[in-house]
There are 2 protein chains.
Amino acid sequence: MSDMTSAADAPRSPGRPRSVRADEAIVEATLDLLAEGNSVETISIEAIAARAGVGKATIYRRWPGKDALLTDALRRLKGNPPAPAGRSIRDDLVVLVSAVGHHIDPRAARIMPCLVPRVNRSPDEYQLYQSIIEPRRALMREVLRRGIRTGELRPDLDIEVTMAMLTGPMLIQRVLRWHPDLDDAGLPERVVDGVLEGIRAR
Amino acid sequence: MSDMTSAADAPRSPGRPRSVRADEAIVEATLDLLAEGNSVETISIEAIAARAGVGKATIYRRWPGKDALLTDALRRLKGNPPAPAGRSIRDDLVVLVSAVGHHIDPRAARIMPCLVPRVNRSPDEYQLYQSIIEPRRALMREVLRRGIRTGELRPDLDIEVTMAMLTGPMLIQRVLRWHPDLDDAGLPERVVDGVLEGIRAR
DNA sequence: AAGATACGGAACGGTTCCGTATCGTTAGCG
DNA sequence: CGCTAACGATACGGAACCGTTCCGTATCTT
């Protein structure tokens, strides 16, 4: 974690203040390098410093090591989940499902796959990942509960499983390109409608 | 790729033949190290050799480098997909969905997440991944088609999207632990039933 | 027995990276 | 102006790893 917090009420230490531009450049360079195909392991502090136009010492002044910098940089990718309009349940679900694996920062789509192995190894990273997606899950949970209240959805719905049914197809397709012949266009609508109506004949 | 193929009809070259035990030990050591938490990048030829009780030269005699060895080792993880019983569509789907992310080799479950970033970077790895899962997709496709023929499933079914709806939830939960509070026990049944019946009230 | 080849082990040079230290320089504060 | 700390740049020792090349030994074929 960087030490940029609690700088407001500090007694303004003497000397040259830390460059805000360097802060930004370091994090941006990290995300750029990750998005360009470097994995978390192969990325190096030296490459980040070179890309940011910064000395290595400037990085070590702010973060204790590579892992802390990476965790801090990944945290920046957390965008705000979209706000469903609140008209029909179907429309709201389409909005939320469309946003799965689709963050504000376009680099996130390329970086996210690198996170998958980390999530399974480091409890901290798992916690970070959960803290990013839980707000989106909460939003979807709320829409489903509303659907039950309004009578649009079955009252005996298993909400948590339903969220996985809506999120899973989008995630494996966007992160893993699970099915080469499945085009992303219109996929959210098709998934939402499929989950809504079911596949059993009647 | 190893050169163990086409050794049958070779004119039996003189000298000491390659040790089959070394072949096996190297691949096993590679998979063990991956399953123990080493990622594809952090794993080293030296570690593999040490674990296999083998000299590095013995590895380089067989594979040109680390990537070739890893690709070859990962190929071994491809198990055979399960055979659905063919009784009811629901039972068959439960069998297939239960097998998602659940290979014969127990190490596969731990190794698979490491494959995710590779799949997005190397076309070869993507091809390998597809060749592993396509037979399972084909099996599920066949069950869905049979369900349409027998009238158990809607005739206007989007088969490819339905497969994603069945596979996605299992995959994100088993590979990513997407939802901490979602227990794996009974999840296949709940997913299959959810997709079968839909969530819309009626 | 003789020849050929693979074996495990060890070493080597080259590369990369980390984390630290040390330059001379620069920006803000009193 | 003078103080102070951060700045970019560079160099360093240590470590890890790669790919290669030697050993002396083991094992198979002829």
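Residue numbers begin at 1 in each chain, while the letters A, B, ... track the order of the sequences.
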Checklist entry - Once you round it to whole Å, what is the distance between P of dG19(C) and CG of Asp67(A)? => result 9 Å
Checklist outcome for this item: Rounded to whole Å, the CD1-P distance (Ile45(A) to dC12(D)) equals 21 Å
Item to check | Atom-pair distance (CG on Leu33(A); C1' on dT16(C)), nearest Å | outcome: 16 Å
Next on the checklist: Quick check on salt bridge (charged side-chain N to carboxylate O under 4.0 Å, His left out): which of Arg18(B), Arg76(B), Arg61(B), Arg62(B) does Asp23(B) satisfy it with?
Outcome noted: Arg62(B)
Checklist entry - OP1, OP2 of dA6(D) versus side-chain N and O of Ser19(A): anything below 4.0 Å? => result no
Item to check | Value in whole Å for how far the P atom of dG19(D) lies from CG of Leu69(B) | outcome: 11 Å
Checklist entry - So, do Asp124(B) and Thr71(B) sit near enough that their side-chain heavy atoms are less than 4.5 Å apart? => result no
Checklist entry - Does Glu41(B) come within less than 4.0 Å of Arg118(B), counting only side-chain N to carboxylate O? => result no
Next on the checklist: Quick one, Arg107(A) and Leu34(A) - any side-chain contact, counting heavy atoms below 4.5 Å?
Outcome noted: no
Checklist entry - Side chain of Tyr60(A): nearest nucleotide among dC17(D), dC7(C), dC18(C)? => result dC18(C)
Item to check | Heavy atoms from other residues, nucleotides or ligands near CD of Gln127(B) exceed 12 (cutoff 6.0 Å) | outcome: no
Next on the checklist: Judged by each residue's nearest nucleotide on DNA chain D, which is more toward the 5′ side, Arg16(B) or Glu46(B)?
Outcome noted: Glu46(B)
Next on the checklist: Would you say Arg62(A) places a side-chain N or O within less than 4.0 Å of OP1 or OP2 belonging to dC7(D)?
Outcome noted: yes
Next on the checklist: Among residues 47-55 of chain B, which ones have heavy-atom contacts with DNA chain C below 4.0 Å?
Outcome noted: Gly53(B), Val54(B), Gly55(B)
Checklist entry - Picking from dA21(C), dT21(D), dC18(D), which would you name as closest to the side chain of Ala57(A)? => result dA21(C)
Checklist entry - Hey, is the side chain of Lys56(A) pairing donor to acceptor with the base of dG19(C) inside 3.5 Å? => result yes
Checklist entry - What integer distance in Å separates Lys66(B):NZ from dC17(D):P? => result 9 Å
Next on the checklist: What is the separation between atom CD1 on Ile59(A) and atom C1' on dT20(C), rounded to the nearest whole Å?
Outcome noted: 14 Å
Item to check | Position toward the 5' end of DNA chain C (nearest nucleotide), Gly15(B) or Ala22(B) | outcome: Gly15(B)
Next on the checklist: Whole angstroms only, please: what is the CZ-P distance between Arg61(A) and dT22(C)?
Outcome noted: 14 Å
Checklist entry - Salt bridge or not for Glu24(B) and Arg21(B), using N-O below 4.0 Å? => result no
Next on the checklist: Could you tell me if the side chain of Leu128(B) sits less than 4.5 Å from the side chain of Val119(B), heavy atoms only?
Outcome noted: no
Item to check | Distance in angstrom units between Arg18(A) CZ and dG8(D) C1', rounded | outcome: 15 Å
